[in-house]
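Here is the structure we will look at, set down as structure tokens.
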Amino acid sequence: MIKPRGESAKPGAALIAWYDANRRDLPWRARPGESADPYAVWLSEIMLQQTTVATVKGYYAKFLARWPSLEALAAAPQDEVLAQWAGLGYYARARNLHTCARAVVADFGGRFPREEEALRLLPGVGPYTAAAIAAIAFNEPAVAVDGNVERVVARLHAIDAPPRAVKPLIREKAAALATPSRAGDFVQALMELGAVICVPRAPDCAACPLAPFCAARRESAQEKYPVREAKRAKPQRRGAIFILRRGDDVLLRRLPPRGLFGGMNAFPSTPLTEDAGAKDLLGFAPCPARWRALEEPVAHVFTHFALEATVFVAQTRAKAPPPDCRWAARRDLDKEGLPTLMRKAAIRAGLVEA
DNA sequence: AAGACGTGGTA
DNA sequence: TTACCAAGTCT
């Protein structure tokens with residue numbers, strides 16, 4: 001039977017047809033007929049965790065230019081990788097990226113394993129990323145479930161529970177749409193649909209290949225799905241950041257390898273995971289000096305708390321750096337790779353251009 | 001298992 | 001301006 005307007009009888013077929021006609025040309029994405037590069041797929045997938053395509057593009061290009069191969073990345077010093085990652089956030093990803101590169105070189109001769117279960121064992125590779133690499137890079141029949149897929153499937157079936165509570169159901173419903181011979185394209189099709197059509201607010205149902213099958217649309221309640229988790233209050237914390245200058249140098253500290261900004265360069269500060277509001281901020285200074293507080297504090301919002309940090313500045317001469325600290329040339333501050341909060345402080349203090 | 005873990009964009 | 005949320009992982 002001939003369907004009018006190219007409409008397909010099966011949602012899975014409609015989805016893949018839509019993708020074939022509408023796929024975006026992304027830097028890490030193989031063109032039709034080309035085979036995917038596992039290194040490119042892995043690198044992009046790590047960067048894309050909780051991060052938008054638009055933000056990733058610049059970092060991806062920078063990484064690929066500097067480290068064109070897995071071997072090159074594995075051979076790089078970790079601090080260079082962290083410095084290049086600066087500003088992208090979730091810095092455990094950068095540490096795991098580097099560890100993973102070395103593991104694949106050491107344990108697999110520089111070739112990523114193709115099986116989902118083996119990929120899952122690599123650092124920084126969880127259930128989603130393992131499935132995504134297996135499907136996209138190796139066309140293995142793995143089903144990657146990310147936030148896009150959760151939203152599309154939750155709407156398609158009007159699933160009345162937060163995704164976290166019904167993960168297996170969502171995976172099963174997603175798998176039911178799959179085109180097994182085209183595992184990579186299928187996974188990307190479902191995510192792409194969520195990213196450009198079945199968006200969180202005001203989805204473009206008129207352009208959606210799954211609209212005829214969509215339960216949420218049938219009940220005109222697209223934005224009711226996926227059901228949101230109860231949101232927790234975001235505490236407001238206060239703290240201080242200390243910028244010590246010595247001629248053309250600035251004092252930097254290397255943070256311990258776990259926790260907030262783990263492994264990154266930073267200015268000395270109060271412990272940011274605690275509220276220092278009621279305490280004597282200068283008691284946290286890296287050394288005694290004539291500290292001067294800048295008028296306007298730096299505001300920064302993290303996932304789980306908001307911070308207002310007073311920036312203190314002082315000058316010193318010929319002082320040996322305190323433990324875990326070193327002097328860095330102010331002109332090279334941009335190359336040091338500071339997390340965004342610290343970069344904001346540097347801008348506020350006039351050390352670097354905005 | 002629920003919270004830690006960044007940042008930027010949109011409405 | 002607050003709220004949401006983006007190709008999640010780790011503990």
Side-chain angles (χ1 to χ4, degrees), chain A residues 24 26-29 40-60 82 85-97 99-100 119-137 142-152 162-165 167 174 184 186-196 198-202 223 226-237 255 257-264 266 271-274 298-307 337-344:
Chain A
R24 287 176 293 178
L26 300 175
W28 46 85
R29 178 174 281 174
V41 172
W42 164 72
L43 178 60
S44 67
E45 287 299 340
I46 300 299
M47 288 184 167
L48 285 163
Q49 291 168 4
Q50 298 288 283
T51 308
T52 58
V53 166
T55 299
V56 165
K57 280 182 176 172
Y59 282 86
Y60 177 81
L82 293 184
W85 196 276
L88 197 51
Y90 285 142
Y91 298 101
R93 290 185 296 172
R95 286 178 264 130
N96 287 147
L97 183 83
T99 306
C100 182
L119 288 161
R120 178 66 186 80
L121 298 177
L122 296 170
V125 177
Y128 161 75
T129 306
I133 297 173
I136 298 170
V143 181
V145 179
D146 74 333
N148 293 124
V149 176
E150 287 178 351
R151 185 171 55 256
V152 170
R164 282 179 84 132
K167 255 184 169 327
F186 164 69
V187 157
Q188 295 178 89
L190 207 45
M191 292 193 287
E192 187 115 324
L193 187 71
V196 307
C198 194
V199 291
R201 285 174 302 262
E223 295 193 17
V227 175
R228 283 85 169 145
E229 305 254 14
K231 59 178 181 297
R232 296 181 297 279
K234 187 170 289 196
Q236 174 73 51
R237 293 183 186 146
L255 293 170
R258 336 190 108 234
L260 191 65
F261 299 152
M264 300 297 289
L272 300 176
T273 51
E274 303 167 21
V298 165
H300 196 69
V301 180
F302 296 88
T303 306
H304 53 299
F305 68 96
L307 178 71
L338 297 177
T340 297
L341 166 65
M342 296 297 162
R343 189 149 199 290
K344 284 183 184 176

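Residue numbering restarts at 1 for every chain, and letters A, B, ... go by the order of the sequence lines.
- A:His300 has a side-chain polar atom (N or O) that falls below the 4.0 Å cut-off from OP1 or OP2 of B:dT7.
- Counting to the nearest Å, the P atom of B:dG6 and the CE atom of A:Met342 are 11 Å from each other.
- Every residue two or more places apart in sequence or in another chain that forms a salt bridge (Lys or Arg N to Asp or Glu O under 4.0 Å) with A:Arg343 is listed here: A:Asp334.
- Along DNA chain C, the nucleotide closest to A:Trp28 and the one closest to A:Arg120 are compared, and the more 5′ of them pairs with A:Trp28.
- Using atom C1' as the reference point in both C:dC5 and B:dC5, the two lie 15 Å apart (nearest Å).
- The residue A:Arg29 sits close to a base: some heavy atom pair falls under 4.0 Å.
- Nucleic acid contact for A:Gly87: sugar-phosphate only, since backbone atoms but no base atoms lie under 4.0 Å from a heavy atom of the residue.
- In the 5' to 3' direction, nucleotides of DNA chain C lying under 4.0 Å from heavy atoms of chain A begin and end at C:dC4 to C:dT11.
- Here the CD1-CH2 distance, from A:Ile136 to A:Trp42, works out to 15.0 Å after rounding to the nearest 0.5 Å.
- If you check every strand for non-hydrogen atoms under 4.0 Å, A:Leu26 touches a base.
- Within the 4.0 Å cut-off from OP1 or OP2 of B:dT7, at least one side-chain nitrogen or oxygen of A:Thr340 is found.
- The CZ-P distance, from A:Arg201 to B:dG9, rounds to 15 Å in whole Å.
- At a threshold of 4.5 Å between non-hydrogen side-chain atoms, the residues A:Asn148 and A:Leu190 do not count as touching.
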Show me the protein contacts with nucleotides 3-5 of chain B, counting only N or O atoms at under 3.5 Å.
from, atom 1, to, atom 2, distance (Å)
B:dG3, OP2, A:Arg232, NH1, 3.1
B:dC5, OP1, A:Leu260, N, 3.4
B:dC5, OP2, A:His304, NE2, 3.0

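- One interatomic measurement links the two molecules: CE of A:Met47 to P of B:dG8, which rounds to 15 Å at whole-angstrom precision.
- A:Val125 comes within contact range of the sugar-phosphate backbone alone, with a heavy-atom separation under 4.0 Å but no base atom that close.
- When every heavy atom of A:Ala130 is checked against every heavy atom of A:Leu119, the shortest pair comes out as O-CD1, 3.6 Å.
- Nucleotides C:dC4 and B:dG6, compared at atom C1', are 15 Å apart to the nearest Å.
- The ring pair (Phe, Tyr, Trp, His ring centres under 6.0 Å) check on A:Phe305 picks up A:Phe302, with sequence neighbours excluded.
- The salt bridge (Lys or Arg N to Asp or Glu O under 4.0 Å) search around A:Glu192 returns A:Arg24, A:Arg29, not counting sequence neighbours.
- If you check every strand for non-hydrogen atoms under 4.0 Å, A:Thr129 touches sugar and phosphate atoms only.
- Residue contacts shown for A:Leu88 include a base, since a base heavy atom lies under 4.0 Å away.
- Residues forming a side chain to side chain contact (heavy atoms under 4.5 Å, CB included) with A:Pro226 (at least two apart in sequence, or on another chain): A:Arg151, A:Ala154, A:Pro163.
- Partners of A:Pro123 under the side chain to side chain contact (heavy atoms under 4.5 Å, CB included) rule, at least two apart in sequence or in another chain, are A:Asn96, A:Thr99, A:Cys100.
- Listed by chain and number, the residues in a ring pair (Phe, Tyr, Trp, His ring centres under 6.0 Å) with A:Tyr128 amount to none (sequence neighbours excluded).
- Residues passing the side chain to side chain contact (heavy atoms under 4.5 Å, CB included) test with A:Lys57 are A:Leu26, A:Pro27, A:Trp28, A:Val53, sequence neighbours excluded.
- Using a 4.0 Å cut-off on heavy atoms, the residues of residues 49-58 of chain A that approach DNA chain C are A:Gln49, A:Gln50, A:Thr52, A:Val53, listed by number.
- Annotation: side chain to side chain contact (heavy atoms under 4.5 Å, CB included) contacts of A:Tyr59 (sequence neighbours excluded): A:Met47, A:Lys62, A:Leu88.
- The gap from the P atom of C:dA7 to that of B:dA11 amounts to 15 Å, rounded to the nearest Å.
- Taking the C1' atom of each, B:dA1 and C:dT9 are spaced 14 Å apart, rounded to whole Å.
- Residues meeting the salt bridge (Lys or Arg N to Asp or Glu O under 4.0 Å) test with A:Lys167, sequence neighbours left out: A:Glu150.
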